[in-house]
S.K.: 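One structure follows; several queries about it will come next.
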There are 2 protein chains.
Amino acid sequence: MTFGKYIRNARENRLSEDRTFSVRQVAQRIGVEPSYLSKIERDQVAPPSEATVRLLAGELGEDADLLLAMAGKVSGDLRNIIMQRPQLFAELLRQLKDAPDHAIESVAREIRDGDW
Amino acid sequence: MTFGKYIRNARENRLSEDRTFSVRQVAQRIGVEPSYLSKIERDQVAPPSEATVRLLAGELGEDADLLLAMAGKVSGDLRNIIMQRPQLFAELLRQLKDAPDHAIESVAREIRDGDW
DNA sequence: TGTCATGTGTACTACATGGTACACGATTTT
DNA sequence: AAAATCGTGTACCATGTAGTACACATGACA
């Protein structure tokens, strides 16, 4: 699924229950030209900037990290976290590359519960 | 320490023991114009592309992840790892943001030792 | 003393990014 | 039937990115 198709789908789902989710009105609410949003949804242009993806995510009730990934980007705050300690996080991520989801979840849970 | 100063410093250290580490010769070995490397080292231009940073790291025997971080970038392979499972890694990284170094190291060690 | 390598200043460039502006025909609403 | 709304096509643009090309003055050195 491309970024555009995903957005179009999400927006149309909303539209079916709320007719303010037209291309024009959503575009206006997030502050871009309707024709631009239209092109985004048909993958006629590259996915928009991180800021615009976030606005879109908020508007459509979608997860920003997921949408950003579909847009080929990584959230700026995550980039900053990595850049603070690049070698440490580089090693960690490369270790976790092929780990199963539940392993990553359990690591996150351990840390959240503060047992370090 | 800026990217430029760090590179200049690293290169001059090498130069003191091996006179092939002049701006011109290093530039030639990594395939850029000498004037460009000169400007990079004096922070007169933004840090170069990821590819060039990597060549520079290899040439100077420095850690690529560290250099990339100084250049305000995150390694493309790490970005790809995150984009495979953006929500999972987003949560993990945000949890680890303020964790002490040793906690991150121990997590990496646990995973490496395969106990999941 | 002439040659050669060194670092750097100036000017320019190709391509990517992230959009805007506006008109048009089709459909819907009143 | 008129007015408003809809999605979209075409054209354009400002800024950023990642450099190249080349000349110049300086210092080493043989």
Side-chain angles (χ1 to χ4, degrees), chain A residues 2-57 59-60 64 67-76 79, chain B residues 2-57 59-60 64 67-76 79:
Chain A
T2 67
F3 181 80
K5 290 190 210 309
Y6 188 94
I7 294 293
R8 166 138 302 186
N9 198 42
R11 186 185 54 77
E12 286 185 340
N13 285 347
R14 291 314 197 76
L15 182 61
S16 70
E17 302 220 324
D18 180 341
R19 58 192 174 299
T20 74
F21 281 83
S22 67
V23 168
R24 275 171 184 273
Q25 298 201 46
V26 170
Q28 194 191 354
R29 290 200 292 270
I30 68 170
V32 301
E33 288 288 313
S35 63
Y36 183 46
L37 179 54
S38 173
K39 276 177 279 192
I40 288 169
E41 290 192 351
R42 287 170 297 126
D43 300 304
Q44 243 203 28
V45 296
S49 66
E50 174 170 351
T52 299
V53 172
R54 284 189 184 287
L55 290 169
L56 220 31
E59 190 62 30
L60 301 178
L67 251 51
L68 283 169
M70 283 198 253
K73 299 171 201 278
V74 164
S75 180
R79 285 188 26 250
Chain B
T2 67
F3 180 80
K5 290 191 211 307
Y6 188 94
I7 294 293
R8 167 139 301 186
N9 199 38
R11 186 185 54 76
E12 286 186 339
N13 285 346
R14 290 317 193 73
L15 183 61
S16 69
E17 303 221 322
D18 179 342
R19 60 195 172 297
T20 75
F21 280 83
S22 68
V23 168
R24 280 179 120 92
Q25 299 202 48
V26 170
Q28 193 191 355
R29 288 199 294 271
I30 67 170
V32 300
E33 287 289 313
S35 63
Y36 183 46
L37 179 54
S38 172
K39 277 178 278 192
I40 288 169
E41 291 193 351
R42 286 169 298 127
D43 300 303
Q44 245 202 27
V45 297
S49 67
E50 174 169 351
T52 299
V53 171
R54 285 190 183 286
L55 290 170
L56 221 29
E59 190 60 32
L60 301 178
L67 252 51
L68 284 168
M70 283 198 252
K73 299 171 201 279
V74 164
S75 180
R79 284 187 30 247

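Chain letters run A, B, ... following the sequence lines, proteins first and then strands; every chain starts at 1.
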S.K.: In terms of the nearest nucleotide of DNA chain D, which residue is placed more toward the 5' end: B:K73 or B:P34?
M.R.: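 This one resolves to B:K73.
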
S.K.: Answer with base, sugar-phosphate or nothing: what part of the nucleic acid does B:V45 contact at a heavy-atom distance below 4.0 Å?
M.R.: nothing

S.K.: Please determine if a side-chain N or O atom of A:S49 lies less than 4.0 Å away from the OP1 or OP2 oxygen of C:dG19.
M.R.: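 The answer is yes; a side-chain N or O of A:S49 sits under 4.0 Å from OP1 or OP2.
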
S.K.: Just the rounded figure in Å: distance from C1' of C:dG18 to CG of A:L55.
M.R.: 14 Å

S.K.: In sequence, state the C-alpha distance, the side-chain angles, and the governing distance for A:K5 and A:R8, and then conclude on side-chain contact (heavy atoms from CB on, under 4.5 Å).
M.R.: CA-CA 5 Å; A:K5 290 190 210 309; A:R8 166 138 302 186; 5.7 Å; no

S.K.: Does any N or O donor sit under 3.5 Å from an N or O acceptor when you compare the side chain of B:K39 with the base of D:dT20?
M.R.: yes

S.K.: Side chains of B:S49 and B:R54: any donor to acceptor distance under 3.5 Å?
M.R.: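 B:R54 vs B:S49: no donor-acceptor pair found between side chains.
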
S.K.: Please state how far atom CG in A:D43 lies from atom C1' in D:dG7, giving the value in whole angstrom units.
M.R.: 16 Å

S.K.: Does B:R8 make a side-chain N or O approach to OP1 or OP2 of C:dG7 shorter than 4.0 Å?
M.R.: no

S.K.: If the cut-off is 4.0 Å, is A:R24 near the phosphate of D:dT8, judged by side-chain N/O to OP1 or OP2?
M.R.: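 For D:dT8, neither OP1 nor OP2 has a side-chain N or O of A:R24 closer than 4.0 Å.
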
S.K.: Less than 4.0 Å between a side-chain N and a carboxylate O, is that true for B:R29 and B:E59?
M.R.: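 B:R29 and B:E59: salt-bridged.
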
S.K.: Rounded to whole Å, please give me the gap between CD1 in A:I30 and C1' in C:dG18.
M.R.: 13 Å

S.K.: Within this structure, what is the CG-to-C1' distance between A:L37 and D:dG9, rounded to whole angstrom?
M.R.: 15 Å

S.K.: Quick one: do the A:S38 and A:R42 side chains pair a donor with an acceptor below 3.5 Å?
M.R.: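 Short answer, yes.
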
S.K.: Base, sugar-phosphate, or nothing: which does A:S22 touch, judged by heavy atoms less than 4.0 Å apart?
M.R.: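 Sugar-phosphate only.
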
S.K.: Whole-Å distance between C:dC22 P and A:Y36 OH?
M.R.: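 Whole-Å distance recorded here is 19 Å.
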
S.K.: Are OP1 or OP2 of C:dT27 and a side-chain N or O of A:R19 less than 4.0 angstrom apart?
M.R.: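 Result: no.
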
S.K.: Whole angstroms only, please: what is the CG-P distance between B:L15 and D:dA28?
M.R.: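 Rounded to whole Å, this separation is 13 Å.
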
S.K.: When you look at CD of B:E12, are more than 12 heavy atoms from neighbouring residues, nucleotides or ligands closer to it than 6.0 Å?
M.R.: yes

S.K.: I'd like to know if A:S35 reaches the base of C:dA21 with its side chain, counting only an N/O donor and acceptor under 3.5 Å.
M.R.: yes

S.K.: Can you measure A:E33 atom CD to D:dC6 atom P for me and round it to whole angstrom units?
M.R.: 15 Å

